[in-house]
Amino acid sequence: MRTSVLNSNIPSSPLALSGGDILSALAVVVIWGLNFVTMKVALVDFTPFQLGAARYVFALLPLIFLVRAPKDAWKWLLAYGLCQGVGQFGLLFVALKVGMTAALASVLMQTQVFFTAIFGYVLLKEKLTRPLQLGLVCAAVGLGCFAMNYVGDHADRSLLVGTTVAGFLLNLAAAAMWAGSNIIARRAQQKVEGFNALGFVVWSSLVPIIPFCLASWLLDPVETRWAWTSASWASWLSAIYLGWFATILAYALWTGLLRRHPANRIAPFSLGVPVIGLLAGVLMLGETVTSWQLAGATCIVVSLGVVLLWKPSTSKS
(Lines give C-alpha, C1' and ligand atoms only; values in the text may rest on other atoms or scores of the structure.)
Protein backbone atom coordinates (compact mmCIF):
# COMPACT_ATOMS: atom_id res chain seq x y z
CA MET A 1 0.00 0.00 0.00
CA ARG A 2 1.37 3.43 -1.01
CA THR A 3 -0.92 6.06 0.44
CA SER A 4 1.66 8.67 1.34
CA VAL A 5 3.70 9.19 -1.84
CA LEU A 6 0.94 11.35 -3.28
CA ASN A 7 -0.78 14.05 -1.32
CA SER A 8 -0.57 17.01 -3.67
CA ASN A 9 -3.03 18.30 -6.29
CA ILE A 10 -5.98 17.52 -4.00
CA PRO A 11 -9.11 19.54 -4.80
CA SER A 12 -9.94 22.21 -2.28
CA SER A 13 -13.65 21.33 -2.21
CA PRO A 14 -14.71 17.72 -1.61
CA LEU A 15 -16.42 15.93 -4.46
CA ALA A 16 -18.83 13.05 -4.08
CA LEU A 17 -17.33 9.66 -4.83
CA SER A 18 -18.72 8.33 -8.09
CA GLY A 19 -19.52 4.68 -8.67
CA GLY A 20 -16.30 4.39 -10.64
CA ASP A 21 -14.31 5.91 -7.78
CA ILE A 22 -15.76 3.43 -5.30
CA LEU A 23 -15.02 0.52 -7.64
CA SER A 24 -11.45 1.79 -8.09
CA ALA A 25 -10.94 2.05 -4.33
CA LEU A 26 -12.35 -1.43 -3.74
CA ALA A 27 -10.18 -2.83 -6.54
CA VAL A 28 -7.08 -1.38 -4.89
CA VAL A 29 -8.08 -2.83 -1.51
CA VAL A 30 -8.53 -6.30 -3.02
CA ILE A 31 -5.32 -6.12 -5.06
CA TRP A 32 -3.24 -5.02 -2.07
CA GLY A 33 -5.04 -7.43 0.27
CA LEU A 34 -4.21 -10.39 -1.99
CA ASN A 35 -0.64 -9.11 -2.34
CA PHE A 36 0.61 -11.16 0.61
CA VAL A 37 -0.89 -14.47 -0.51
CA THR A 38 0.73 -13.88 -3.89
CA MET A 39 4.11 -13.34 -2.22
CA LYS A 40 3.74 -16.65 -0.38
CA VAL A 41 2.96 -18.46 -3.63
CA ALA A 42 5.96 -16.94 -5.41
CA LEU A 43 8.31 -17.80 -2.55
CA VAL A 44 7.66 -21.50 -3.11
CA ASP A 45 10.03 -21.36 -6.10
CA PHE A 46 11.88 -18.04 -5.77
CA THR A 47 14.24 -17.06 -3.00
CA PRO A 48 13.34 -13.72 -1.34
CA PHE A 49 16.10 -11.92 -3.25
CA GLN A 50 15.12 -13.46 -6.59
CA LEU A 51 11.50 -12.45 -5.99
CA GLY A 52 12.63 -8.92 -5.16
CA ALA A 53 14.48 -8.64 -8.47
CA ALA A 54 11.59 -10.15 -10.43
CA ARG A 55 9.04 -7.82 -8.83
CA TYR A 56 10.93 -4.72 -9.87
CA VAL A 57 11.78 -5.96 -13.35
CA PHE A 58 8.06 -6.32 -14.01
CA ALA A 59 7.28 -3.00 -12.29
CA LEU A 60 9.86 -1.36 -14.54
CA LEU A 61 8.87 -2.87 -17.88
CA PRO A 62 7.51 -1.55 -20.14
CA LEU A 63 6.72 1.74 -18.38
CA ILE A 64 10.34 2.89 -18.21
CA PHE A 65 10.11 3.40 -21.99
CA LEU A 66 6.85 5.35 -21.67
CA VAL A 67 7.33 7.52 -18.57
CA ARG A 68 9.91 10.28 -18.35
CA ALA A 69 12.52 10.22 -15.60
CA PRO A 70 12.05 12.97 -12.99
CA LYS A 71 14.50 15.84 -13.46
CA ASP A 72 17.17 16.45 -10.82
CA ALA A 73 15.79 13.69 -8.61
CA TRP A 74 18.41 10.95 -8.79
CA LYS A 75 19.45 11.11 -5.15
CA TRP A 76 15.80 10.82 -4.12
CA LEU A 77 15.20 7.99 -6.57
CA LEU A 78 18.22 6.15 -5.19
CA ALA A 79 17.21 6.68 -1.56
CA TYR A 80 13.59 5.68 -2.18
CA GLY A 81 14.51 2.64 -4.27
CA LEU A 82 16.92 1.33 -1.64
CA CYS A 83 14.61 2.04 1.31
CA GLN A 84 11.30 0.97 -0.21
CA GLY A 85 12.61 -1.70 -2.57
CA VAL A 86 15.55 -3.40 -0.90
CA GLY A 87 14.55 -2.42 2.63
CA GLN A 88 10.80 -2.86 2.77
CA PHE A 89 10.28 -5.72 0.35
CA GLY A 90 13.61 -7.42 0.93
CA LEU A 91 12.87 -7.68 4.65
CA LEU A 92 9.22 -8.61 4.05
CA PHE A 93 10.08 -11.42 1.63
CA VAL A 94 12.67 -12.81 4.03
CA ALA A 95 10.15 -12.58 6.90
CA LEU A 96 7.57 -14.54 4.89
CA LYS A 97 10.22 -17.15 4.12
CA VAL A 98 11.64 -17.64 7.63
CA GLY A 99 8.42 -17.50 9.61
CA MET A 100 5.47 -15.22 8.93
CA THR A 101 2.05 -15.98 7.50
CA ALA A 102 0.49 -13.95 4.72
CA ALA A 103 -2.51 -13.24 6.96
CA LEU A 104 -0.50 -11.67 9.77
CA ALA A 105 2.00 -9.93 7.47
CA SER A 106 -0.88 -7.99 5.89
CA VAL A 107 -1.78 -6.66 9.34
CA LEU A 108 1.71 -6.01 10.68
CA MET A 109 2.70 -4.03 7.60
CA GLN A 110 0.02 -1.47 8.47
CA THR A 111 2.08 -0.40 11.48
CA GLN A 112 3.96 1.69 8.89
CA VAL A 113 1.35 4.37 9.62
CA PHE A 114 2.71 4.72 13.14
CA PHE A 115 6.36 4.38 12.19
CA THR A 116 5.74 7.15 9.66
CA ALA A 117 4.20 9.33 12.36
CA ILE A 118 7.16 8.75 14.68
CA PHE A 119 9.73 9.42 11.95
CA GLY A 120 7.79 12.52 10.87
CA TYR A 121 7.79 13.77 14.44
CA VAL A 122 11.53 13.17 14.92
CA LEU A 123 12.84 14.12 11.48
CA LEU A 124 10.31 16.57 10.06
CA LYS A 125 9.02 18.10 13.31
CA GLU A 126 5.47 17.06 12.43
CA LYS A 127 2.90 17.09 15.23
CA LEU A 128 1.57 13.93 16.84
CA THR A 129 -2.17 14.60 16.85
CA ARG A 130 -4.47 13.15 19.51
CA PRO A 131 -5.79 10.45 17.13
CA LEU A 132 -2.20 9.47 16.33
CA GLN A 133 -1.28 9.31 19.99
CA LEU A 134 -4.27 7.08 20.80
CA GLY A 135 -3.61 5.01 17.70
CA LEU A 136 0.00 4.48 18.77
CA VAL A 137 -1.11 3.26 22.19
CA CYS A 138 -3.63 0.85 20.66
CA ALA A 139 -1.06 -0.38 18.14
CA ALA A 140 1.46 -0.96 20.95
CA VAL A 141 -1.12 -3.11 22.75
CA GLY A 142 -1.64 -5.03 19.53
CA LEU A 143 2.08 -5.66 19.13
CA GLY A 144 2.16 -6.84 22.74
CA CYS A 145 -0.56 -9.36 21.89
CA PHE A 146 1.49 -10.60 18.93
CA ALA A 147 4.55 -10.90 21.16
CA MET A 148 2.62 -13.10 23.59
CA ASN A 149 2.70 -15.83 20.94
CA TYR A 150 6.42 -16.27 21.56
CA VAL A 151 6.25 -16.48 25.35
CA GLY A 152 6.12 -19.75 27.30
CA ASP A 153 3.70 -22.42 26.09
CA HIS A 154 2.43 -20.16 23.32
CA ALA A 155 5.82 -20.29 21.58
CA ASP A 156 5.32 -23.89 20.41
CA ARG A 157 1.82 -23.06 19.19
CA SER A 158 3.16 -20.09 17.23
CA LEU A 159 5.68 -22.28 15.42
CA LEU A 160 2.89 -24.67 14.46
CA VAL A 161 0.92 -21.87 12.79
CA GLY A 162 3.88 -20.64 10.77
CA THR A 163 5.37 -17.67 12.61
CA THR A 164 8.68 -17.16 14.37
CA VAL A 165 10.27 -14.39 16.40
CA ALA A 166 12.64 -13.69 13.48
CA GLY A 167 9.73 -13.43 11.04
CA PHE A 168 7.84 -11.12 13.41
CA LEU A 169 10.80 -8.78 13.92
CA LEU A 170 11.71 -8.74 10.21
CA ASN A 171 8.09 -7.92 9.37
CA LEU A 172 8.15 -4.94 11.75
CA ALA A 173 11.49 -3.84 10.30
CA ALA A 174 9.91 -3.98 6.83
CA ALA A 175 7.07 -1.75 8.04
CA ALA A 176 9.65 0.68 9.46
CA MET A 177 11.47 0.77 6.12
CA TRP A 178 8.15 1.49 4.39
CA ALA A 179 7.72 4.40 6.78
CA GLY A 180 11.24 5.59 5.95
CA SER A 181 10.39 5.53 2.25
CA ASN A 182 7.29 7.62 3.00
CA ILE A 183 9.50 10.27 4.59
CA ILE A 184 11.85 10.21 1.58
CA ALA A 185 8.88 10.59 -0.78
CA ARG A 186 7.60 13.58 1.20
CA ARG A 187 10.98 15.26 1.02
CA ALA A 188 11.22 14.52 -2.69
CA GLN A 189 7.84 16.17 -3.23
CA GLN A 190 9.13 19.28 -1.47
CA LYS A 191 12.49 19.40 -3.25
CA VAL A 192 11.79 18.19 -6.80
CA GLU A 193 10.20 20.74 -9.08
CA GLY A 194 7.24 19.36 -11.01
CA PHE A 195 7.22 16.15 -8.94
CA ASN A 196 5.46 13.33 -10.80
CA ALA A 197 4.53 10.41 -8.58
CA LEU A 198 4.16 7.77 -11.30
CA GLY A 199 7.48 8.66 -12.90
CA PHE A 200 9.09 8.66 -9.47
CA VAL A 201 7.84 5.14 -8.67
CA VAL A 202 8.66 3.71 -12.11
CA TRP A 203 12.22 5.03 -12.22
CA SER A 204 12.90 4.20 -8.57
CA SER A 205 12.04 0.60 -9.48
CA LEU A 206 15.32 0.51 -11.41
CA VAL A 207 17.32 0.87 -8.19
CA PRO A 208 16.57 -2.39 -6.28
CA ILE A 209 17.20 -4.80 -9.16
CA ILE A 210 21.02 -4.91 -9.01
CA PRO A 211 21.19 -5.09 -5.17
CA PHE A 212 18.68 -7.95 -5.19
CA CYS A 213 20.62 -9.80 -7.90
CA LEU A 214 23.90 -9.33 -6.01
CA ALA A 215 22.30 -10.44 -2.74
CA SER A 216 20.94 -13.55 -4.41
CA TRP A 217 24.33 -14.42 -5.91
CA LEU A 218 26.23 -13.81 -2.68
CA LEU A 219 23.77 -15.01 -0.02
CA ASP A 220 21.46 -17.59 -1.57
CA PRO A 221 22.57 -21.24 -1.30
CA VAL A 222 24.37 -22.34 -4.45
CA GLU A 223 21.68 -24.88 -5.31
CA THR A 224 19.00 -22.15 -5.35
CA ARG A 225 20.81 -19.52 -7.44
CA TRP A 226 19.19 -20.75 -10.64
CA ALA A 227 15.88 -21.80 -9.08
CA TRP A 228 14.06 -19.10 -10.99
CA THR A 229 14.82 -20.88 -14.28
CA SER A 230 12.62 -23.81 -13.24
CA ALA A 231 9.98 -21.82 -11.36
CA SER A 232 6.37 -22.81 -11.95
CA TRP A 233 3.90 -20.72 -13.91
CA ALA A 234 2.13 -19.94 -10.63
CA SER A 235 5.30 -18.36 -9.25
CA TRP A 236 5.96 -16.36 -12.42
CA LEU A 237 2.35 -15.16 -12.56
CA SER A 238 2.67 -14.18 -8.91
CA ALA A 239 5.78 -12.12 -9.70
CA ILE A 240 3.93 -10.46 -12.59
CA TYR A 241 1.02 -9.71 -10.26
CA LEU A 242 3.36 -8.07 -7.75
CA GLY A 243 5.01 -5.92 -10.42
CA TRP A 244 2.15 -4.96 -12.73
CA PHE A 245 -0.96 -5.16 -10.58
CA ALA A 246 0.08 -4.56 -6.96
CA THR A 247 2.65 -1.92 -7.90
CA ILE A 248 1.62 -0.17 -11.12
CA LEU A 249 -2.14 -0.72 -11.61
CA ALA A 250 -3.16 -0.34 -7.97
CA TYR A 251 -0.83 2.61 -7.54
CA ALA A 252 -2.24 4.34 -10.63
CA LEU A 253 -5.82 3.85 -9.41
CA TRP A 254 -4.97 5.10 -5.91
CA THR A 255 -3.10 8.06 -7.37
CA GLY A 256 -6.13 9.03 -9.44
CA LEU A 257 -8.39 8.88 -6.40
CA LEU A 258 -6.06 11.09 -4.36
CA ARG A 259 -5.90 13.62 -7.15
CA ARG A 260 -9.69 13.88 -7.39
CA HIS A 261 -10.57 13.72 -3.69
CA PRO A 262 -9.15 14.81 -0.32
CA ALA A 263 -6.95 12.18 1.34
CA ASN A 264 -9.34 11.87 4.30
CA ARG A 265 -12.05 10.68 1.90
CA ILE A 266 -9.85 7.99 0.37
CA ALA A 267 -7.54 6.82 3.16
CA PRO A 268 -10.30 5.00 5.17
CA PHE A 269 -10.61 2.48 2.34
CA SER A 270 -7.13 1.24 3.31
CA LEU A 271 -8.70 -0.27 6.45
CA GLY A 272 -9.92 -3.05 4.19
CA VAL A 273 -6.42 -4.14 3.16
CA PRO A 274 -5.48 -6.00 6.38
CA VAL A 275 -8.99 -7.48 6.56
CA ILE A 276 -8.75 -8.85 3.01
CA GLY A 277 -5.18 -10.02 3.67
CA LEU A 278 -6.18 -11.84 6.86
CA LEU A 279 -9.15 -13.55 5.25
CA ALA A 280 -7.17 -14.44 2.11
CA GLY A 281 -4.40 -16.07 4.13
CA VAL A 282 -6.88 -18.16 6.09
CA LEU A 283 -9.19 -19.10 3.21
CA MET A 284 -6.71 -19.45 0.32
CA LEU A 285 -3.64 -20.82 2.11
CA GLY A 286 -5.29 -22.52 5.07
CA GLU A 287 -3.32 -20.42 7.57
CA THR A 288 -4.29 -20.52 11.23
CA VAL A 289 -4.63 -17.51 13.50
CA THR A 290 -4.18 -17.93 17.25
CA SER A 291 -6.32 -16.07 19.78
CA TRP A 292 -3.40 -13.77 20.65
CA GLN A 293 -2.75 -13.07 16.97
CA LEU A 294 -6.43 -12.30 16.40
CA ALA A 295 -6.42 -9.94 19.38
CA GLY A 296 -3.30 -8.23 18.06
CA ALA A 297 -4.76 -7.90 14.56
CA THR A 298 -7.95 -6.43 16.00
CA CYS A 299 -5.97 -3.84 17.97
CA ILE A 300 -3.98 -2.85 14.87
CA VAL A 301 -7.12 -2.44 12.75
CA VAL A 302 -8.83 -0.45 15.53
CA SER A 303 -5.75 1.78 15.86
CA LEU A 304 -5.85 2.46 12.11
CA GLY A 305 -9.54 3.28 12.40
CA VAL A 306 -8.81 5.79 15.16
CA VAL A 307 -6.20 7.54 13.02
CA LEU A 308 -8.13 7.49 9.74
CA LEU A 309 -11.69 8.07 10.90
CA TRP A 310 -11.53 10.25 14.02
CA LYS A 311 -11.93 13.93 13.22
CA PRO A 312 -11.09 15.90 16.38
CA SER A 313 -13.09 19.03 16.97
CA THR A 314 -11.44 22.23 15.76
CA SER A 315 -13.56 24.49 17.93
CA LYS A 316 -11.75 26.43 20.61
CA SER A 317 -12.83 26.21 24.19
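Sequence positions, counted from 1, serve as the residue numbers for this chain.
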What one should report as the nearest heavy-atom pair of F212 and G85 is CZ-O, 3.5 Å

By side chain to side chain contact (heavy atoms under 4.5 Å, CB included), L61 pairs with (sequence neighbours left out) V57, I64, F65

Using the ring of W217 (Phe, Tyr or Trp, six-membered ring only), decide whether R225 places NZ or CZ under 6.0 Å from its centre and within 45 degrees of its axis. yes

Handout entry: Donor-acceptor contact present, side-chain Q110 to main-chain I300, <3.5 Å
Key = no

| query | Would a 4.5 Å heavy-atom cut-off, applied to side chains only, mark I118 and L136 as touching? | reply | yes

| query | Is the backbone of G180 close enough, under 3.5 Å, to the side chain of Q84 for a donor and an acceptor to pair up by distance? | reply | no

Shortest non-hydrogen pair, W76 vs K191, comes out as CZ2-CG, 3.7 Å

- Message: Tell me if the centroids of the rings in W244 and F58 come within less than 6.0 Å of each other.
- Response: yes

Are F115 and V141 in one and the same hydrophobic cluster, where Ile, Leu, Val, Met, Phe, Trp and Tyr link if side-chain heavy atoms are under 4.5 Å apart?
no

Exercise for review: Taking the side chain as every heavy atom from C-beta outward, state whether L82 and P208 have any atom pair closer than 4.5 Å.
Suggested key: no

Would you confirm whether Q293, through its side chain, and T290, through its main-chain N or O, come within 3.5 Å as a donor-acceptor pair?
-> yes

Interatomic distance, CG@N171 vs CG@L91, rounded to 0.5 Å, equals 9.5 Å

Margin query: Tell me if a side-chain donor or acceptor on Q50 pairs with a main-chain N or O of T47 at a distance below 3.5 Å.
Written below: yes

Answer yes or no: is there a side-chain heavy-atom contact under 4.5 Å between Q133 and T129? no

Smallest heavy-atom separation, A59 atom then S205 atom, equals CB-OG, 3.9 Å

One should read off an interatomic distance between L96 CG and T163 OG1, to the nearest 0.5 angstrom, of 11.5 Å

Do you see a donor-acceptor pair shorter than 3.5 Å between the side chains of S216 and D220?
yes

Is V282 reachable from V301 through a run of hydrophobic residues whose side-chain heavy atoms are each under 4.5 Å from the next?
-> no

d(L206 CG, L77 CG) to nearest 0.5 Å is 9.0 Å

(request) Start with the C-alpha gap between W236 and F46, add the side-chain angles, then the distance that decides, and say whether ring-ring contact (aromatic ring centres under 6.0 Å, His included) holds. (result) CA-CA 9 Å; W236 278 111; F46 293 111; 5.1 Å; yes

| query | Are any non-hydrogen side-chain atoms of F36 and M109 less than 4.5 angstrom apart? | reply | yes

Point to revise | Step-by-step side-chain contact (heavy atoms from CB on, under 4.5 Å) determination, L242 to L51 | key: CA-CA 9 Å; L242 293 174; L51 180 57; 3.9 Å; yes

Subject >> Polar side-chain atom of K97 near backbone of V44 as donor-acceptor pair, under 3.5 Å >> reply: no

- prompt: In terms of side-chain heavy atoms, does D21 have a donor or acceptor partner in S24 at a distance below 3.5 Å?
  reply: no

CG of L253 to CG of L26, rounded to nearest 0.5 Å, is 11.0 Å

**Message:** Over 60° means perpendicular and under 30° means parallel, so tell me whether F245 and Y241 are parallel, tilted or perpendicular.
**Reply:** parallel

Fill in: Main-chain N/O of S238 paired with T38 side-chain donor or acceptor, under 3.5 Å
no

Determine whether a donor-acceptor pair (N or O, by modelled atom type, separation under 3.5 Å) exists between the side chain of D45 and the backbone of S232. yes

Treating K71 as the side-chain partner and E193 as the backbone partner, does any N or O pair qualify as donor plus acceptor under 3.5 Å? no

Transitive ILVMFWY side-chain link L249 to I22, under 4.5 Å: yes

Applying ring pair (Phe, Tyr, Trp, His ring centres under 6.0 Å) to F146 and not counting sequence neighbours gives none

Can a donor-acceptor pair be found, under 3.5 Å and without considering hydrogens, that links the side chain of T224 to the backbone of A227?
no

For V202 and L60 the tightest heavy-atom approach is O-CD1, 3.3 Å

The reported gap from CZ in R186 to CG in N182 (rounded to nearest 0.5 angstrom) is 6.5 Å

Using a 4.5 Å side-chain heavy-atom cut-off and chaining through intermediate ILVMFWY residues, the residues clustered with I210 come out as L214

* Under a single-linkage definition using a 4.5 Å side-chain heavy-atom cutoff for Ile, Leu, Val, Met, Phe, Trp and Tyr, are L132 and V137 assigned to the same hydrophobic cluster? -> no

Full working for side-chain contact (heavy atoms from CB on, under 4.5 Å) between V28 and W32 = CA-CA 6 Å; V28 173; W32 278 337; 3.1 Å; yes

Exercise for review: Look at the side chain of K40 and the backbone N and O of T101, then say whether any donor-acceptor pair between them is shorter than 3.5 Å.
Suggested key: no

Closest non-hydrogen contact found for G135 with V306 is N-CG1, 4.2 Å

Between F93 and R55, is a side-chain contact (heavy atoms from CB on, under 4.5 Å) present by the stated rule, with each step listed? CA-CA 11 Å; F93 292 161; R55 175 194 178 102; 4.3 Å; yes

Verify the cluster assignment for L128 and F114: are they in a single hydrophobic cluster under the rule of side-chain heavy atoms below 4.5 Å apart?
yes

Closest non-hydrogen atoms of C83 and M177, given as atom of the first, atom of the second and distance, are SG-O, 3.2 Å

Side-chain contact test, heavy atoms from C-beta onward, threshold under 4.5 Å: evaluate it for L104 versus L278 and give yes or no. yes

request  = Before giving the answer on side-chain contact (heavy atoms from CB on, under 4.5 Å), spell out for L108 and M100 the whole-Å C-alpha distance, their side-chain angles and the decisive distance to 0.1 Å.
outcome  = CA-CA 10 Å; L108 285 174; M100 180 52 59; 3.9 Å; yes

Interatomic distance, CE@M39 vs CG@L43, rounded to 0.5 Å, equals 8.5 Å

